[in-house]
Visitor: 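The structure under discussion is supplied below as structure tokens; questions concerning it will follow.
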There are 2 protein chains.
Amino acid sequence: MPYGDAMNARVRSEERRAEIVRAALEVIAERGYRGASLAAVAERVGLTQQGLLHYFPTKEALLVAVLKERDQWDAVPATQWRVDLLASLVEYNAMRPGIIQTFSALLGESVTEGHPARAYFTERYRQVRESMAAVLRTAYGDRLPNGLTPERTAPLLVAVMDGLQYQWLLDPDSVDMSAAFRDFLALLGEEA
Amino acid sequence: MPYGDAMNARVRSEERRAEIVRAALEVIAERGYRGASLAAVAERVGLTQQGLLHYFPTKEALLVAVLKERDQWDAVPATQWRVDLLASLVEYNAMRPGIIQTFSALLGESVTEGHPARAYFTERYRQVRESMAAVLRTAYGDRLPNGLTPERTAPLLVAVMDGLQYQWLLDPDSVDMSAAFRDFLALLGEEA
DNA sequence: AACGAAACCTACCGCGTTACAGGTAACGGG
DNA sequence: CCCGTTACCTGTAACGCGGTAGGTTTCGTT
């Protein structure tokens with residue numbers, strides 16, 4: 001079974017890479033990208049820093065892999081979303097603080113000059129705004145009950161999600177992220 | 001004039017410190033706090049890194065000064081605010097991307113472990129939420145037109161401001177921060 | 001059994017970082 | 001005029017960082 005065994009090797013390698021990406025997610029959550037050292041990531045998977053560089057030749061390559069992982073994460077086709085599912089998404093996120101912290105930290109860093117994730121986030125937010133506008137349109141048509149268009153509402157929707165995440169990460173006891181987001185959704189659904 | 005001259009010296013020193021803080025704001029905007037080196041800040045005010053340490057003994061002391069500066073910035077008593085002034089504030093912010101970038105970057109970093117600005121932001125957001133709730137209460141009473149209480153609306157208000165800032169910093173051409181924020185305020189003012 | 005590639009490791013380089021030590025020149029107060 | 005403080009500077013310690021070079025072991029294929 002030449003192909004079968006070759007696959008096994010490849011699969012093992014791919015598993016190792018995934019393991020490393022997972023560790024990187026953790027370390028970035030704790031220290032940000034700039035503060036995350038390859039050595040710290042390597043240690044978490046039982047490798048030396050140089051051993052890690054065998055899988056990802058540079059630190060930036062590792063970051064790219066992390067961002068790709070995220071893309072696959074929410075690869076749910078936007079057309080299948082509905083407004084009421086957004087509340088569930090936020091609730092789900094509230095149970096996984098690690099992931100939120102990773103990408104909140106990355107988002108914050110990404111606005112600085114020459115940050116390797118900047119282009120990624122710029123493009124991503126453009127897409128997310130489009131997705132959200134589409135979701136709102138299928139839910140409400142060309143005008144929300146409050147009179148706004150989906151295109152003008154989408155940035156607000158995205159902003160609320162992100163902004164709430166920061167407040168929640170800083171002080172989980174003082175901010176009920178899910179409840180607050182549902183309040184916002186209610187705001188959108190009401191008539192003017 | 002013993003006191004007068006003593007004052008002069010002190011004033012000069014204070015001016016220098018302010019100059020350094022200003023430079024630090026710039027560098028943090030460009031590289032974040034972790035990425036901002038004392039040498040880079042020092043160079044911007046024509047000092048060596050060691051010369052800068054004469055004014056701020058540690059990097060963290062400089063950060064504290066930066067955060068204090070911000071506190072004095074918006075020391076406008078919360079009771080004097082009104083909802084319609086918030087729109088002006090956002091508009092004003094849109095003209096000063098540097099400051100926004102500084103504190104957006106710091107906010108993002110602050111959610112990581114052991115970040116020296118974490119406690120500051122946690123406390124600050126608690127206060128800002130309180131302020132905003134008070135502003136909303138004076139504007140609308142115990143219930144907004146849409147039925148929410150000021151306390152439940154305040155986190156949303158803050159979240160929108162922050163979230164829009166990130167989207168705007170990443171892609172100023174695609175996001176009209178002021179207009180979007182006015183849309184949100186309109187959402188609050190409408191009756192259910 | 002032999003070979004070639006993959007999966008690591010050790011050793012090391014060069015740089016950037018914060019911070020400390022100690023010196024020196026300017027300057028204002030007595 | 002002297003003297004202490006302020007405002008710097010040079011030198012350097014100590015460390016962590018990303019990345020390179022090159023070796024060695026493991027392992028699947030032939």
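Chain naming here is simple, since letters A, B, ... match the order of the sequence lines and numbering starts at 1 in each.
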Visitor: If hydrophobic clusters are built by linking Ile, Leu, Val, Met, Phe, Trp and Tyr wherever their side-chain heavy atoms come under 4.5 Å apart, do Val83(B) and Leu164(B) end up in the same one?
Guide: yes
Visitor: Compare the minimum distances between each of dC8(C), dA7(D), dG28(D) and the side chain of Tyr55(B), then state the nucleotide with the smallest one.
Guide: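 Of dC8(C), dA7(D), dG28(D), dA7(D) is nearest to the side chain of Tyr55(B).
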Visitor: Looking at residues 15-23 of chain A, who's got a heavy atom less than 4.0 Å off DNA chain C?
Guide: Arg16(A)
Visitor: In chain order, what residues pass the side-chain hydrogen bond (donor to acceptor under 3.5 Å, both in side chains) check against Gln167(A), with sequence neighbours excluded?
Guide: Arg129(B)
Visitor: Do other residues, nucleotides or ligands put more than 12 heavy atoms under 6.0 Å from Arg34(A) CZ?
Guide: yes
Visitor: May I ask you to check if Lys59(A) and Tyr33(A) form a cation-pi contact, with NZ or CZ under 6.0 angstrom from the six-membered ring centre and within 45° of the axis?
Guide: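 Relative to the ring axis of Tyr33(A), which defines the angle, Lys59(A) lies inside both limits.
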Visitor: Show me, pair by pair, the donor-acceptor contacts under 3.5 angstrom made by side chains of residues 151-158 of chain B, not counting sequence neighbours?
Guide:
unit_1    : atom_1 : unit_2    : atom_2 : d
Glu151(B) : OE1    : Arg137(B) : NH2    : 3.2
Glu151(B) : OE2    : Arg137(B) : NH1    : 2.8
Arg152(B) : NE     : Asp183(A) : OD2    : 2.9
Arg152(B) : NH2    : Asp183(A) : OD1    : 2.7
Arg152(B) : NH2    : Asp183(A) : OD2    : 3.2
Thr153(B) : OG1    : Thr149(B) : O      : 2.8

Visitor: How many whole angstroms separate atom CZ of Arg12(B) from atom C1' of dC8(D)?
Guide: 13 Å
Visitor: Kindly determine whether Arg17(A) and Glu14(A) satisfy salt bridge (charged side-chain N to carboxylate O under 4.0 Å, His left out), including the steps that lead there.
Guide: CA-CA 5 Å; Arg17(A) 288 174 58 96; Glu14(A) 214 55 45; 3.8 Å; yes
Visitor: Leu62(B) has an atom CG; how far is it from atom C1' of dT18(C), in whole Å?
Guide: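 In whole Å, dT18(C) C1' lies 13 Å from Leu62(B) CG.
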Visitor: Within this structure, what is the NE2-to-P distance between His54(A) and dA5(C), rounded to whole angstrom?
Guide: 13 Å
Visitor: Not counting sequence neighbours, which residues clear salt bridge (Lys or Arg N to Asp or Glu O under 4.0 Å) with Glu91(B)? List them please.
Guide: Arg182(B)
Visitor: Would you mind reading off the distance between Leu63(B) atom CG and dT18(C) atom P, rounded to a whole angstrom?
Guide: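 Answer to the nearest Å: 13 Å.
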Visitor: Treating primed atoms plus P, OP1 and OP2 as sugar-phosphate and everything else as base, which nucleotides of nucleotides 10-24 of chain D get B, S or - for protein heavy atoms under 4.0 Å?
Guide: BBB----SBBB----
Visitor: Quick one: ring-ring contact (aromatic ring centres under 6.0 Å, His included) pairs with a partner in residues 126-146 of chain A, sequence neighbours left out?
Guide: none
